[in-house]
Amino acid sequence: MDTKLRSILPDHELIRLYEQMVLCREFEEACAEQYTKGNITGFLHLYSGQEAVAAGATHALHGDDYVISAYREHPQAIVRGADPRRVMAELFGKATGICKGKGGSMHLFDPNLHFMGGYAIVGGQFPIATGLAFAARYRREERIVACFFGDGAVNQGTFHEGLNWARLWELPVLYVCENNFYGIGTEVHRSSALADIHKRTCGYDIPSERVDGMDVMAVYQAVKHAAEWVREHSRPYLIEAITYRFRGHSMSDPGKYRASAEVELWKERDPIPNFAKRLLGEGIAGQPLLDKVRETAAAQVAEAVKFAEESPWPDDDEVFNDVYV
Amino acid sequence: MDTKLRSILPDHELIRLYEQMVLCREFEEACAEQYTKGNITGFLHLYSGQEAVAAGATHALHGDDYVISAYREHPQAIVRGADPRRVMAELFGKATGICKGKGGSMHLFDPNLHFMGGYAIVGGQFPIATGLAFAARYRREERIVACFFGDGAVNQGTFHEGLNWARLWELPVLYVCENNFYGIGTEVHRSSALADIHKRTCGYDIPSERVDGMDVMAVYQAVKHAAEWVREHSRPYLIEAITYRFRGHSMSDPGKYRASAEVELWKERDPIPNFAKRLLGEGIAGQPLLDKVRETAAAQVAEAVKFAEESPWPDDDEVFNDVYV
Amino acid sequence: MPEMTYRDALNLALKEEMRRDPMVVTWGEDVALYEGSFKVTRGLLAEFGEKRVLDTPISENTIVGVAVGAAMAGLRPVAELMTVNFALLAMDQIINHMSKIRYMFAGQTHLPMVIRAPGGGGSQLGAQHSQSLETFFMHAPGIHVAVPATPADAKGLLKAAIRDENPVMFLEHELLYNSKGEVPEDPEFVIPFGKCDVKREGKDVTIVAYSRMTVLALQAASELEKEGISCEVVDLRTLSPLDADTFVVSAAKTGRAVVVEECWRTCGLGAEIASRIYENCFDKLLAPVERVSGLNVPMPYSRKLEKLCIPQVGTIVAAVKKVMNEKY
Amino acid sequence: MPEMTYRDALNLALKEEMRRDPMVVTWGEDVALYEGSFKVTRGLLAEFGEKRVLDTPISENTIVGVAVGAAMAGLRPVAELMTVNFALLAMDQIINHMSKIRYMFAGQTHLPMVIRAPGGGGSQLGAQHSQSLETFFMHAPGIHVAVPATPADAKGLLKAAIRDENPVMFLEHELLYNSKGEVPEDPEFVIPFGKCDVKREGKDVTIVAYSRMTVLALQAASELEKEGISCEVVDLRTLSPLDADTFVVSAAKTGRAVVVEECWRTCGLGAEIASRIYENCFDKLLAPVERVSGLNVPMPYSRKLEKLCIPQVGTIVAAVKKVMNEKY
Ligand SMILES: Cc1ncc(C[n+]2csc(CCOP(=O)(O)OP(=O)(O)O)c2C)c(N)n1
Ligand SMILES: Cc1ncc(C[n+]2csc(CCOP(=O)(O)OP(=O)(O)O)c2C)c(N)n1
Ligand SMILES: [Mg+2]
Ligand SMILES: [Mg+2]
């Protein structure tokens with residue numbers, strides 16, 4: 001890695017990437033705390049460790065590109081511009097939540113941000129991503145669809161159907177696989193015949209590549225290039241980002257299937273301090289600025305928690321709304 | 001094609017292959033006639049043109065290997081040893097049918113022949129084939145599973161799930177794709193991103209090859225080799241047999257989507273007369289024997305029709321049988 | 001009013017709506033070049049071109065899911081499942097996604113989409129191709145379900161389905177495609193969802209039916225008339241929304257009701273209809289509601305057996321006589 | 001009798017049956033190394049090894065279909081769907097294949113297999129993870145459906161399911177896993193399918209329930225007893241086969257009935273139960289049958305809203321009072 005950061009992005013964007021990763025980490029850790037306190041219930045899948053993917057990839061997209069994801073998606077919504085207060089309120093089940101408390105952790109959605117939803121059915125987003133891309137192409141829009149999913153999702157039939165369909169109809173879908181090596185407790189080589197997920201597109205004539213998902217700049221550059229390719233050719237492309245989740249699958253998973261040495265090794269590759277080091281090393285930011293970033297993020301998240309706590313519950317009537325138009 | 005037939009199989013087996021193809025053709029053409037007469041109703045998908053695949057492949061299998069297929073499966077059951085009379089009776093919906101008239105054309109089944117069924121849901125046989133193979137391996141049996149399907153079936157999620165699973169669990173499944181270029185009216189390149197179906201296994205680390213499905217010996221040899229490989233390694237393998245159906249998709253399809261020149265071209269590659277020519281040319285059979293084969297087959301099919309006609313309808317009570325054990 | 005087939009009425013509805021609104025697009029297996037396996041999409045490719053009329057791979061879950069995504073992005077897709085049996089491959093997109101997306105995202109999006117699916121039994125297609133799955137879709141909130149019985153209803157309801165802002169399962173009956181009837185020419189002829197159609201008035205007994213069962217019920221009513229029994233035939237037209245008022249009022253009036261459903265009897269929609277009648281006419285019913293249903297068996301192929309599994313005019317007649325004879 | 005949890009009772013049933021019969025094998029997502037996402041398969045991998053206890057890819061349709069194929073070849077697979085919501089991805093194998101194979105092949109094969117699937121709402125898992133889909137499986141002929149309410153029933157019914165020669169959907173309730181009760185130690189303790197269990201006798205009103213709804217019904221009955229209302233609680237235990245006799249006799253005796261179902265109300269199994277009662281006790285019913293049901297909405301996440309969607313003890317109490325007060 002010898003390319004200088006400044007040759008890739010201007011300082012303020014680099015700082016912005018750092019800010020986003022820190023905000024996401026703070027947000028997720030606050031979620032864990034609120035879960036322990038009982039303010040958040042249900043399944044809670046945290047993203048800590050994977051921030052470079054959400055931040056780097058999203059930064060490489062256009063504002064009106066569609067983004068669609070699975071259930072580990074708080075950071076993906078937040079880096080897209082979702083208000084952390086409303087995301088936290090959603091997790092609390094409050095009326096001020098991004099989905100009025102009706103969606104919950106796994107179902108964030110904001111059409112204004114072109115964030116087309118978190119889905120809790122593994123692989124459920126593939127067909128929908130294909131449809132979003134069809135609509136974009138049908139209307140001759142410039143936008144593409146960035147479809148995020150995990151290593152476990154590639155064995156669903158929908159993955160295959162989606163790849164074939166997107167290539168056949170020449171649809172602008174950028175598949176971003178966050179390979180964190182586990183689907184709950186099952187390691188990728190125990191669920192996939194070919195654990196090199198990017199190689200799975202060979203049967204569909206879809207280009208693909210693997211990228212270091214712990215390096216925000218590597219993700220940014222790969223996605224930038226791929227997104228432009230998809231936009232230009234109106235054809236799918238797949239990026240496999242190698243990453244790791246620092247916590248269990250969800251808050252109820254103690255994660256015993258991973259050796260602590262393995263986890264520790266990956267924590268040394270934490271995308272946040274490593275990026276901080278580069279920012280410092282290349283003189284893009286000084287320590288005071290980085291400290292400030294963390295304080296600001298912490299304050300923003302504290303404010304989000306407060307907002308969620310103080311927000312009202314939905315009215316009982318809300319239960320019957322939105323079933324039909 | 002310069003290998004001499006006799007170097008591959010003894011004369012009586014070569015004749016047997018010819019007999020089977022002829023019997024299948026006669027059977028299918030008789031079905032068409034009985035459909036026109038109204039004795040057979042429902043969907044009727046005929047196999048004429050593809051005989052080399054069923055005959056060649058089945059001949060290469062062991063008698064206790066499992067065979068599973070789709071809805072264009074009369075010949076596959078017949079070459080496996082099913083009594084044409086009981087198959088015809090099934091198509092008539094009679095009590096003497098191979099499934100007592102309850103299955104019909106698309107659902108032939110005979111466990112004694114290890115013919116594990118025709119299925120009418122495109123792609124429905126993939127998961128079942130995987131399960132059959134698991135059972136065989138679990139019991140340390142020698143047998144493998146031959147799973148037949150069409151070019152249209154490879155875009156179902158189950159195809160992908162099955163390939164991945166069979167490779168992952170190291171199961172002895174021999175996939176035989178009968179690529180006749182059409183799924184109903186849709187040509188393979190309009191449904192598949194990669195029309196070279198055998199190349200689709202690259203994402204699963206499964207070996208595959210393409211074979212001339214109009215040449216019974218080519219099919220036989222390829223399947224022979226592949227089946228032994230599967231048996232030895234307990235791992236999946238895929239064969240794509242290039243073939244053609246001479247009739248429409250089913251009896252209700254006039255087949256207008258295919259140029260008659262295309263159909264004519266393929267009819268010149270009819271596996272039956274071409275194989276006859278080789279048998280004659282290499283002195284394995286004389287014309288009188290070949291004529292005799294056809295007469296015998298015709299008589300057998302006429303007898304099957306008669307049997308079906310004269311057989312009784314199922315009792316009304318039969319409607320409630322076999323829902324549960 | 002011109003006479004036309006149910007098939008042509010559907011075809012006309014598709015054409016009219018596609019002419020009216022460029023956001024209406026359609027896809028499915030063999031709907032374009034082949035013009036549909038039941039020829040409902042005849043002429044669409046020729047008129048609207050391959051941008052709007054598309055053949056798909058055999059991937060049913062994705063056929064539905066692509067419509068979900070496209071609808072979310074503002075198109076009005078009409079996806080065809082070649083038959084409703086294949087909806088079982090798409091239940092994930094239908095029930096887990098299509099029916100819930102608006103709700104779980106708190107109304108921030110909606111899905112103006114239609115899934116057309118022919119179904120029903122009676123053509124000797126065997127167990128996997130003869131199902132009547134309407135109850136599955138009626139059970140799940142968030143979906144509208146239409147079940148036209150006549151060519152006019154087919155046209156008017158399909159147009160309403162395409163204009164509906166909600167996802168619609170539009171269930172056509174394979175045995176009705178060739179049936180004929182008068183169909184209004186007016187391109188604004190749209191039949192609102194959630195209104196039963198009293199297809200025949202009567203005073204002795206109410207027959208509640210839908211789709212092809214309505215046709216049989218009307219035939220039964222004609223036969224019964226000869227024997228002096230006057231049947232009121234209420235055609236549900238849409239299962240969701242369900243217009244219970246109309247059949248409840250009718251049953252309260254006649255005091256006797258027969259529900260005819262082609263689906264399996266156990267937990268079939270007939271139980272729901274019957275329950276609504278009991279709940280609302282408890283003191284007015286003169287006999288228990290009769291359910292005439294598909295038998296609780298997978299469909300056998302043999303024509304002799306198949307006939308036993310599907311309600312026939314005769315079974316409806318017998319059921320009506322049974323409720324007429326019960327005295328309480 | 002030892003006390004144990006519903007989870008441990010299921011675990012014990014699995015272990016006993018796997019010890020008894022080497023043809024019993026089990027697989028599913030994370031059932032082996034991870035020991036199940038609800039820990040029902042704890043200790044299985046250790047005891048029976050990786051040949052018999054297998055983790056699978058996330059491919060639900062295939063999870064079921066592999067069991068179909070293996071059962072056809074003579075094994076007795078017990079496949080786990082991590083939750084019943086994912087059965088919607090497997091409806092093709094469940095309904096198009098598993099339920100029909102024996103019939104369409106005229107009894108030449110049978111499928112001694114079990115699909116275990118936890119389900120139900122109440123844990124704030126949101127719309128896609130909180131479904132009660134039992135009616136879907138009850139509607140389709142060819143499947144047995146078990147819905148245990150107590151640890152003892154969980155053990156006895158799971159053992160019966162594994163020994164059953166028919167395919168069984170075995171529906172566990174996520175909120176019951178930690179519930180405790182006495183469980184017979186006898187390894188031959190097997191509860192036959194198709195027999196309701198009268199879990200409480202009473203004379204004023206019959207409450208028909210299943211799975212977690214039985215637990216709530218019993219609590220409601222205790223509360224109502226204090227007010228002098230005597231409830232008979234009939235636990236269905238299996239939905240298919242359905243033992244209608246027991247609840248019909250009970251309803252005929254009490255003259256009043258309440259059905260409690262967690263699934264969506266419209267076309268829920270409660271309508272079937274109610275219809276059976278009406279059909280068989282028409283002249284003995286003193287009031288219409290009350291259905292206490294899940295609301296007809298996708299499940300909202302917020303705990304405040306979720307609670308409104310699922311029957312509660314209070315709603316059952318209210319329903320019983322309602323039927324007690326109706327006078328005809
Ligand atoms: C259809 C379906 N099957 C199973 C599950 C249960 N489940 C939730 S997450 C998960 C693992 C997914 O792993 P992966 O795709 O790698 O994503 P990650 O959790 O690592 O982000 C499973 C099996 C589900 N939600 N949906
Ligand atoms: C799940 C499903 N979808 C659609 C159909 C309707 N259908 C029957 S055959 C067929 C085409 C299959 O083509 P292919 O696999 O190439 O087999 P072939 O008919 O050429 O033998 C289709 C779409 C079906 N039976 N099942
Ligand atoms: Mg993962
Ligand atoms: Mg084909």
Side-chain angles (χ1 to χ4, degrees), chain B residues 66 68 90 95 97-104 106-112 114 116-121 123-141 143 145 147 156-158 160-162 164-166 168-169 171 173 314 318-325, chain D residues 22-23 25 27 50-52 54-77 79 89-93 95-113 140-144 164-168 193-194 240-241:
Chain B
Y66 289 126
I68 186 167
E90 185 64 30
I98 189 167
C99 294
K100 299 193 207 160
K102 290 165 97 164
M106 306 195 283
H107 304 301
L108 304 178
F109 187 85
D110 190 335
N112 301 317
H114 308 290
M116 305 313 277
Y119 297 84
I121 298 296
Q125 71 272 48
F126 295 120
I128 302 177
T130 314
L132 292 168
F134 173 78
R137 207 203 51 173
Y138 184 77
R139 297 163 128 174
R140 302 180 188 283
E141 294 166 344
R143 62 177 138 209
V145 179
C147 176
Q156 285 289 22
T158 50
H160 160 79
E161 294 184 2
N164 181 58
W165 192 305
L168 191 69
W169 282 19
L171 300 179
V173 184
E318 194 55 64
V319 84
F320 292 113
N321 292 339
D322 307 324
V323 181
Y324 294 98
V325 174
Chain D
M23 288 299 116
V25 287
W27 56 73
E50 61 184 23
K51 270 200 64 175
R52 295 182 68 192
L54 300 98
D55 286 322
T56 72
I58 307 174
S59 310
E60 281 82 7
N61 205 21
T62 299
I63 287 174
V64 174
V66 172
V68 170
M72 209 187 268
L75 305 194
R76 304 187 81 86
L89 288 90
M91 289 300 267
D92 172 48
Q93 284 298 320
I95 310 291
N96 278 332
H97 295 87
M98 183 179 91
S99 81
K100 296 177 170 50
I101 276 180
R102 178 171 172 73
Y103 191 85
M104 68 190 193
F105 298 148
Q108 295 179 92
T109 188
H110 68 283
L111 305 178
M113 60 180 281
I143 309 176
H144 280 168
D164 196 329
E165 299 300 330
N166 299 289
V168 180
F193 275 23
S240 303

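Note on naming: letters A, B, ... go to the chains in the order of the sequence lines (proteins, then strands), and numbering restarts at 1 for each one. In this text the structure is predicted, and so the values were computed from the model without any measurement.
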Pairs flagged by side chain to side chain donor-acceptor pair (under 3.5 Å) wherever residues 65-74 of chain D is involved - sequence neighbours left out: none
Portion of D:N61 that has a non-hydrogen atom of chain B nearer than 4.5 angstrom: both
Residue selection (most heavy-atom pairs with chain D, distance under 4.5 Å) from B:E90, B:E141, B:R139: B:R139
B:Y119-B:H107 aromatic ring centre distance below 6.0 Å: no
Exam field: side chain D:Y103 to backbone B:V319, donor-acceptor pair closer than 3.5 Å: yes
Charged tip of D:R102 within 45° of B:Y324 ring normal and under 6.0 Å: no
salt_bridge(D:R76, D:E165) N-O dist < 4.0 Å: yes
Distance flag, aromatic centroids of B:W165 and B:F126, threshold under 6.0 Å: no
Contact winner vs chain D - B:F109, B:Y66, B:F134, B:W169, heavy-atom pairs under 4.5 Å: B:F109
Proximity breakdown for D:V64 and chain B, heavy-atom pairs closer than 4.5 Å: neither
Short side-chain to backbone donor-acceptor contact, D:N166 and D:H144, under 3.5 Å: no
Heavy-atom side-chain proximity of B:K100 to B:P314 below 4.5 angstrom: no
Heavy-atom pair count under 4.5 Å with chain B, highest-scoring of D:I58, D:L111, D:D164, D:I143: D:I143
Toward chain D, the part of B:L108 with a non-hydrogen atom under 4.5 Å: backbone
Heavy-atom proximity to chain D below 4.5 Å, by part of B:E318: backbone
Top of B:I121, B:T130, B:N321 for chain D proximity - count of heavy-atom pairs under 4.5 angstrom: B:I121
Backbone of B:A120 reached by a side-chain donor or acceptor of B:Q125 within 3.5 Å: no
Contact leader toward chain B among D:N96, D:T109, D:L54, where contacts are heavy-atom pairs under 4.5 Å: D:L54
Top contributor to chain B contacts, counting heavy-atom pairs under 4.5 Å, from D:M23, D:M72, D:K100, D:H110: D:M72
Under 4.5 Å from any heavy atom of chain B - which part of D:Q93: side chain
Options B:G157, B:G162, B:G124, ranked by heavy-atom pairs under 4.5 Å with chain D, top entry: B:G124
Selection from D:L75, D:V25, D:I63 maximising heavy-atom pairs under 4.5 Å formed with chain B: D:L75
Per-residue contact mode, D:I101 against chain B (heavy atom under 4.5 angstrom): side chain
Largest heavy-atom contact set with chain B, pairs under 4.5 Å, which of D:G74, D:A67, D:P241: D:G74
Donor-acceptor pair, side chain of D:H97 and main chain of D:D92, under 3.5 angstrom: yes
Most contacts with chain D, counted as non-hydrogen pairs under 4.5 angstrom, among B:G131, B:P111, B:G117: B:G131
